[in-house]
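Remarks on the structure that follows.
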Number of protein chains: 2
Amino acid sequence: MQDKTARATKQPARNDRSQAVNADLIAVVIAVTTGEPRVLTIEQAQALPSGPFELGHRSLQSGLRAWVERQTGHQLGYIEQLYTFADRDRTGDERVQISISYLGLTREEQAERSQTHGWHGWYDYFPWEDHRAGVPSILPDIVVPRLSAWSDDAEDPGIRRDRRQRVAYAFGLDDRDWNEELVLQRYELLYEAALVAEATRGRDNGNPPSIPGRPMIADHRRILATGMARLRTKIKYRPVVFELMPATFTLLQLQRTVEALAGRLVHKPNFRRLIEEQDLVEETGETMSDTGGRPAKRFRFRQTVLVERTAAGTKLPLSRG
Amino acid sequence: MQDKTARATKQPARNDRSQAVNADLIAVVIAVTTGEPRVLTIEQAQALPSGPFELGHRSLQSGLRAWVERQTGHQLGYIEQLYTFADRDRTGDERVQISISYLGLTREEQAERSQTHGWHGWYDYFPWEDHRAGVPSILPDIVVPRLSAWSDDAEDPGIRRDRRQRVAYAFGLDDRDWNEELVLQRYELLYEAALVAEATRGRDNGNPPSIPGRPMIADHRRILATGMARLRTKIKYRPVVFELMPATFTLLQLQRTVEALAGRLVHKPNFRRLIEEQDLVEETGETMSDTGGRPAKRFRFRQTVLVERTAAGTKLPLSRG
DNA sequence: CCAATTATTCTCCAAATGAGTATAACCGAC
DNA sequence: GTCGGTTATACTCATTTGGAGAATAATTGG
């Protein structure tokens, strides 16, 4: 901005440059229970919790924390801003709607049943993202063929080639590897190809049926995808997984949590090596006689690491098999 | 949110949950000329350009792009959202002020002189961030001693130890390495220790003088720090440096740009190896007889890479010497 | 032609990473 | 109690990556 005339007449100039808008917060709150990542939802699992931010908080972050904790009874261990969206379609009136989205991690221990909100596995919304038991059949059977058809649909050969490349890259086709971080790119491709319900909603029909995967209102599934992608990236270089773990845990439990988030398996001995050589955990002294097999040592997260929290995180020694 | 009573009475519920606020955009626009990273500023280099976002754009991003290009005549090659801040102090009235900040990269070729805006080296604002010629003397001479004094000032021994650790980590003291990505952490430590002008502004004085480094209005220097940190991180895994380069360039020019951003030197042969094995560039066929020495081949960025833009970027083969 | 300067290509070595093997400690069936 | 199944834990090995330096090539200016 910095309109010179405006500056000359009024001081301070900041105020006139601002635009009056509506704003709210949207939270992607994640917990992992029994090896499944879950997201906190409202409205019959079709929406992410959202609310106004409240004056009187020092920061957006603290406002969100207070609000989520009051509404859900869940303490948020870690909060991070995701993205700010602007929209005009969402509300009927003239104003622009701004939504500031956050990622929050919690332990979902006190998971009482609630009328207003509930937890749902994030792979219900993104069934093509879970590769822990190998490539999910939905990909070769449904998603990839329909994306290929969409690519071939394009008139322009340049666009055709571009679509094919993007699909191949995002979904790890041909000789490429599956990249678990590309959650958002994949969802956006599916949206662009009108293969998710959100893309065809409200338009006159004549659209082909959507692929499996539970839809959400407005752009909430896209926001969830953003959060998943951010978390899958983050666990590789920041020790945030521990925000999702109970006070003590075995290394296999930790591994299962990481695998649940990443949607793919890791090599057990290497995972162990990685965790230990980074001094992220320490033994409690106790062991745990789990299912069958030799008892596992219990570990706890080393608090010292939190001070240098930017320290090396939890890289993923991915396995190919 | 999701207040059940509210939902029962009014539909859709989204509207009532929203909060009326003022919002504007703040841009960190970066260019690199003659080996110096520069930032686009207004108000005698003391503020980042900012303005309202305009209705009628599909996204915040496109609104920002149009606005910056119209105001400055600079095409933004790359735009990325940085962070959204909320404030109450900034404006006099009741409303909350929201600022959505963006990072933009440009080529600063048509750098005409302008009354309203100008370019300034980002190390003018952060002199302790430039380690290309070794550790800048301001660090051992001024910054570190004053941060140490601040650490020792704390009554509580726990806080004292915590401060010392954070300082040592952020500034690479003891046996630790300098981490060029911690721009924001360093600025926030200096702010917390009241060593930058912004921290003591408006308060009754009695404060020690600030350390060198040009201040900015409001929290603009913090936003700039956020942008610098983001860019220093990003160049290591996304090919964004090329947005700052002219159409053709030598590998040394590319290296100098990366070094200017990172604030530290890289090992020439390894930098070359990295760039070439990733197929990021291709030869134009021409050469350039530069200063003294053997003529260098000219390269251009390979457009193909843009399709798989998420492809491996430009890691930094840092050197110790 | 020589010295200085920059470009370009290689080699070397150490650390990080992917993958597989071997041994230990428990359970339950028999 | 012994055996088979199961998980825990500890090593080993090969390959890749990343930091560092040496060697060679092509200019310019004395």
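The sequence lines fix the lettering, A, B, ..., with proteins before strands; numbering per chain opens at 1.
With respect to the salt-bridge test (charged N to carboxylate O, under 4.0 angstrom), the residues A/Arg264 and A/Glu259 do not qualify. For the pair B/Lys236 and B/Glu180, the salt-bridge criterion is met [side-chain N within less than 4.0 Å of a carboxylate O].
Side-chain N/O atoms of A/Arg272 include one lying less than 4.0 angstrom from OP1 or OP2 on D/dA10. For D/dA8, the OP1/OP2 oxygens have a side-chain nitrogen or oxygen of A/Lys268 closer than 4.0 Å.
The distance between atom CG of A/Asn270 and atom C1' of D/dA10, rounded to the nearest whole Å, is 12 Å. In this structure, A/Arg298 places its CZ atom 15 Å from C1' of D/dA8, rounding to the nearest Å. If you take NE2 of A/His267 and C1' of D/dA8, they are 14 Å apart, rounded to a whole angstrom. The distance between atom CD of B/Glu283 and atom P of C/dT8, rounded to the nearest whole Å, is 8 Å. Atom pair A/Glu277:CD and C/dT17:P shows a separation of 7 Å (rounding to whole Å applied). The distance between atom CD of B/Gln278 and atom C1' of D/dT17, rounded to the nearest whole Å, is 12 Å. Atom CG in A/Leu254 sits about 12 Å away from atom P in D/dA8, given to the nearest Å. One interatomic measurement links the two molecules: CD of B/Glu286 to C1' of C/dA7, which rounds to 17 Å at whole-angstrom precision.
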For nucleotides 25-30 of chain D, read 5' to 3', which letter fits each nucleotide if B means a protein heavy atom sits under 4.0 Å from the base, S means only the sugar-phosphate is that close, and - means neither?
-> BBB---
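Stacking of B/Arg146 on the aromatic ring of B/Trp128 is not recorded, the 6.0 Å distance cut-off and the 45° axial limit not both being met.
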Please set out all donor-acceptor pairs under 3.5 angstrom arising from side-chain atoms of residues 133-144 of chain B, sequence neighbours excluded.
none

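Evaluation of the side chain to side chain donor-acceptor pair (under 3.5 Å) rule for A/Thr248 yields A/Arg298 as partners, not counting sequence neighbours.
A donor-acceptor pair is defined here as one N or O able to donate and one able to accept, closer than 3.5 Å; such a pair exists between the side chain of A/Asn179 and the backbone of A/Glu181.
Position along DNA chain C of the nearest nucleotide to B/Leu251 versus B/Arg273 favours B/Leu251 as the more 5'-ward residue.
Ring pair A/Phe126/A/Tyr187 is perpendicular by interplanar angle, where above 60° counts as perpendicular and below 30° as parallel.
Residue-level contact check: B/Leu252 touches the backbone only, with heavy atoms under 4.0 Å from sugar-phosphate atoms and none from bases.
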